[in-house]
Amino acid sequence: MSDLRIIGSSQPVTEAWNKVTGKTKFTADMKMDGMLYAKILRSPYAHAEILSIDTTVAEQMPGVRAIAHCFNTPDVRYNRILKNYDYTDEQQLSTEYVYPKVVRFVGERVLSIAADTEKQAQDALSKVAVKYKVLPAILSIEEALNEDAISIHPHHSNLLCDKQFAERGNVAEAFQSADFVFEDTYETPIVNHVAIETHAVIAHYDSEGKATIITPTQSAFSVRSVLSRIFGLSMNNIRVIKPPIGGAFGAKIPAILEPQALHLSMMTNRPVKIVFTRKEEFLANTRHASKIRIKTAVSKEGKLLAQEIDSVINTGAHAADGVNVAGALASKAFYMYQIPNLKVRSRCVFTNLPSAGAMRGYGSPQIFFAQQSQFRKIAEKIGMDFVDFQESNAITKEYHKGEFGNTFLLECIQRGRELFHWDERIKETKVNSDVVRGIGMSVACHGNGVFKSHRDFAGITLKANEDGTFSMHTGAHEMGTGVIKTQMMIVAEILNIDLDQITYVECDTDVVPHNIGDYASRGVYVQGNAALKSAEKMKEVLFDLASQYLHIAPENLDSYVGGIIGNKLKSATYSDLILFAHRDLQKTVQVEESYANEGIRMSYGAHFAEVEVNVKTKEIKVLDYVAVHDVGRVMNRSVLEGQLHGGIQMGLGYALSEEYIIGKDGKIENAHLKKYKVFHAKDMPNITVDFIESIDLPGPFGGKSIGECATNPVAPAISNAVANALGLDFTALPVKIN
Amino acid sequence: MEVFQLQVNGETKTFLAEGEWTVLHVLREVLGITSVKPGCLTGDCGACKIILDGRAVNSCTLLLKKALGKSVVTVEGISTAKELHPLQTAFVEKGALQCGYCTPGFIMSAYALLSENNNPTKDEIVEAIQNNICRCTGYVKIVEAIEYAASIMRGEDHV
């Protein structure tokens with residue numbers, strides 16, 4: 001398929017050599033002279049008013065330099081994820097304070113102490129006396145939907161949003177006349193990203209009145225907006241620098257501890273470092289729990305006729321991006337199947353639990369678990385092979401008339417069916433024993449950016465050096481996704497240079513062009529296209545220089561690796577051209593371009609799983625797994641494979657072992673890696689992956705995302721396999737056998 | 001605070017500390033060896049793995065006073081300025097790291113395994129890394145990298 005030099009090859013992520021030699025400094029590894037360490041006191045109650053805080057003893061403790069709480073911080077209500085500076089409560093409801101006067105979940109921050117050492121800060125915390133007035137707490141979706149329940153926020157009901165999505169066709173009529181109608185309700189739990197690096201920050205407010213924030217964020221410019229709003233600092237006085245990130249998966253999008261660190265630095269004029277413990281990490285950000293009712297009508301031939309979805313997700317104590325997740329979840333119903341009648345209602349409620357936020361999939365894992373589980377059941381009840389059912393109803397480009405690009409969902413299903421030997425395996429008869437095997441599959445999609453939901457653009461600066469090498473200034477946030485390497489590969493392909501001829505400056509709000517952040521799987525599509533557009537502009541500039549230098553019209557020029565050639569006698573290296581510009585024209589050679597997302601593009605995946613269930617011990621083992629994805633174009637092969645493997649690991653935990661256990665008092669009982677179970681190496685099945693290239697322009701070279709799509713189909717593929725093994729239906733995650 | 005000595009990466013380090021401090025804290029905060037990472041501080045994720053007298057152990061639950069007289073090796077100590085250890089090269093070439101935060105811990109576990117057994121089976125590799133958590137890679141390429149490093153060490157493959 002490839003006539004491309006670099007795109008499609010396997011390249012390591014940026015900083016790989018520094019990472020394996022231990023040279024890469026993550027935030028917690030960094031020190032600044034005079035740096036203070038801060039620790040946070042957290043609420044023991046799920047819902048309580050703070051009546052008083054007595055810090056007189058704590059203030060006298062050795063090493064204590066500053067104590068911050070609700071009585072001495074700005075009384076500014078904000079949203080931790082301000083996607084855009086001009087967003088109001090309409091777009092993103094504000095519910096947080098630097099330190100709140102009312103705490104709304106067990107573990108919410110009450111107060112911070114900055115001291116010379118971490119131990120001194122911790123010791124001083126134990127000397128603080130807080131008086132609370134305990135209030136009733138709401139701990140479930142059902143309680144939150146009860147109209148008589150206490151309002152968690154004074155300025156808003158517990159129903160953060162209730163959106164009726166566009167109704168297509170006539171669902172009520174279709175249900176009346178259908179051969180079969182099925183109605184089921186599915187539930188998913190609160191889970192955690194478990195990035196191995198916990199949240200951390202170093203904030204320094206210097207004597208110039210400039211704030212420098214080093215934070216492993218997925219959205220440096222958004223953090224800057226939040227800090228500007230809270231503290232009234234102008235943006236030119238807030239510099240947010242993104243250092244290497246040790247995993248994020250959505251956890252590190254919001255401004256979770258930057259406001260607190262900056263404020264302490266403003267109090268002391270010294271750098272302040274905060275590093276979350278693993279327990280604090282469990283309280284920092286989560287995936288929305290869900291309760292989804294699906295009503296589906298099918299014909300006896302297995303054709304989908306109508307679907308009605310009623311979804312409620314749980315945003316926890318704060319709005320964050322609950323409304324956006326509710327919308328994203330609902331939208332997925334429209335991209336998967338040929339359904340003439342479709343109606344989706346999507347709600348989001350507040351509860352007195354840790355704040356939820358973006359977590360890989362952003363509503364997709366929840367809706368696909370519900371939808372794909374019900375479809376398996378439907379196929380079984382009407383006596384149809386499930387893969388046949390999927391193939392018969394899968395959305396195609398013809399159906400949506402190319403409205404969302406090249407859709408190769410069917411090809412993914414067919415290829416997966418083949419690789420997994422579905423038709424042979426489904427025929428295997430079950431032996432009556434304590435150990436039974438089952439197979440299952442599911443499909444899912446995910447988008448490429450935030451087109452239509454928010455503004456979705458990125459800029460890239462390219463600078464040429466005198467020796468013909470290049471430097472790229474990018475607002476992309478590398479966190480293991482390989483996004484910056486992808487951008488470099490694209491630039492190198494367009495400019496016809498080797499990969500080692502381009503390096504980069506990463507995500508510093510004072511230096512790089514504006515970028516809304518790395519999430520919503522915008523890496524390949526938007527970040528990649530920004531690099532492509534900038535590279536094409538640079539190519540134009542270089543050709544123009546060559547034309548002047550060689551006295552040949554640009555249309556008679558061509559590039560070779562490292563330069564531009566006219567005919568056998570006349571060529572110039574890029575170095576020749578840059579020196580020509582500096583010496584003879586006295587001009588810099590630098591370009592900056594922005595790319596704005598042009599339209600909805602969906603990435604697709606089909607996953608197949610074989611499980612083994614021990615009915616006596618109730619243990620479920622995943623033996624074999626196949627995943628096939630429509631990625632448009634394989635950009636960086638080894639990173640693509642790695643992202644899919646990782647998405648599968650995360651999905652397997654969601655399917656079988658991960659969940660928050662919430663006590664009656666609202667405390668998270670298993671905020672500990674001994675009790676919150678993620679998949680280890682031994683738990684992993686044998687995995688086979690494959691990719692379909694739909695060349696989905698205008699993706700760069702036709703490329704599309706995989707980051708979130710990688711994890712969306714996993715949980716239902718597993719629950720469907722267990723259902724097949726036991727002849728049961730599962731309507732909740734994680735899958736448990738009674 | 002007392003004066004302690006510890007063998008780290010082949011050198012004798014002399015420093016002020018408390019015997020009750022963890023080796024993780026001493027390495028990072030006193031000696032500036034930051035490849036050893038805090039992931040949980042409860043011995044559950046393996047990001048803090050070091051080699052202690054040849055065995056891979058979690059440094060976050062190891063008290064300094066229990067490590068005295070023993071040798072400590074971290075990722076900084078398995079290569080020279082001129083040459084990387086085959087494990088380091090293998091991890092990069094096989095795409096066995098994404099964010100890289102857990103990587104030093106995995107390399108330590110693999111190093112301990114390959115020091116004793118330079119021809120491990122896949123099961124033996126999986127067993128050796130069973131107490132390291134990775135959230136990015138799904139472990140697949142990590143196992144491939146360790147297999148590749150072993151074959152380099154056996155002289156069957158070249159970098």
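Side chains included, hydrogens not; waters and symmetry mates left out as well; all remaining heavy atoms used. We name chains A, B, ... by the order of the sequence lines, and we start the count at 1 in each one.
- For Thr21(A), the parts lying near chain B are the backbone and the side chain together; criterion is any non-hydrogen pair under 4.5 Å.
- Considering every non-hydrogen atom in both Tyr101(B) and Ile196(A), the closest pair reads CE2-O, 3.5 Å.
- Of all heavy-atom pairs spanning Gln98(B) and Val13(A), the tightest one is O-CG2, 3.5 Å.
- With Arg278(A) contributing its side chain and Gly39(B) its backbone, the two residues share a donor-acceptor pair below 3.5 Å.
- Of residues 45-58 of chain B, those residues lying under 4.5 Å from chain A by any heavy-atom pair are Cys45(B), Ala47(B).
- Residue contact with chain A, scored on non-hydrogen atoms closer than 4.5 Å, involves the side chain of Tyr139(B) exclusively.
- Interface remark: Leu84(B) contributes side-chain atoms only to the contact with chain A (heavy atom separation under 4.5 Å).
- By a heavy-atom distance cut of under 4.5 Å, Arg28(B), Glu29(B) are the residues of residues 16-29 of chain B near chain A, going up by number.
- Interatomic distance, Cys134(B) SG to His680(A) NE2, rounded to the nearest 0.5 Å: 11.5 Å.
- Annotation: the span from Ser35(B) atom OG to Lys25(A) atom NZ amounts to 8.5 Å, rounded to 0.5 Å.
- Evaluation of the salt bridge (charged side-chain N to carboxylate O under 4.0 Å, His left out) test over residues 124-134 of chain B, restricted to residues two or more places apart or in two chains, returns Lys682(A)-Glu127(B).
- Here the straight-line distance linking atom CD of Glu93(B) with atom OG of Ser10(A) works out to 11.5 Å at 0.5 Å rounding.
- Identified by a heavy-atom distance below 4.5 Å to chain B, contributing residues of residues 705-715 of chain A are lacking entirely.
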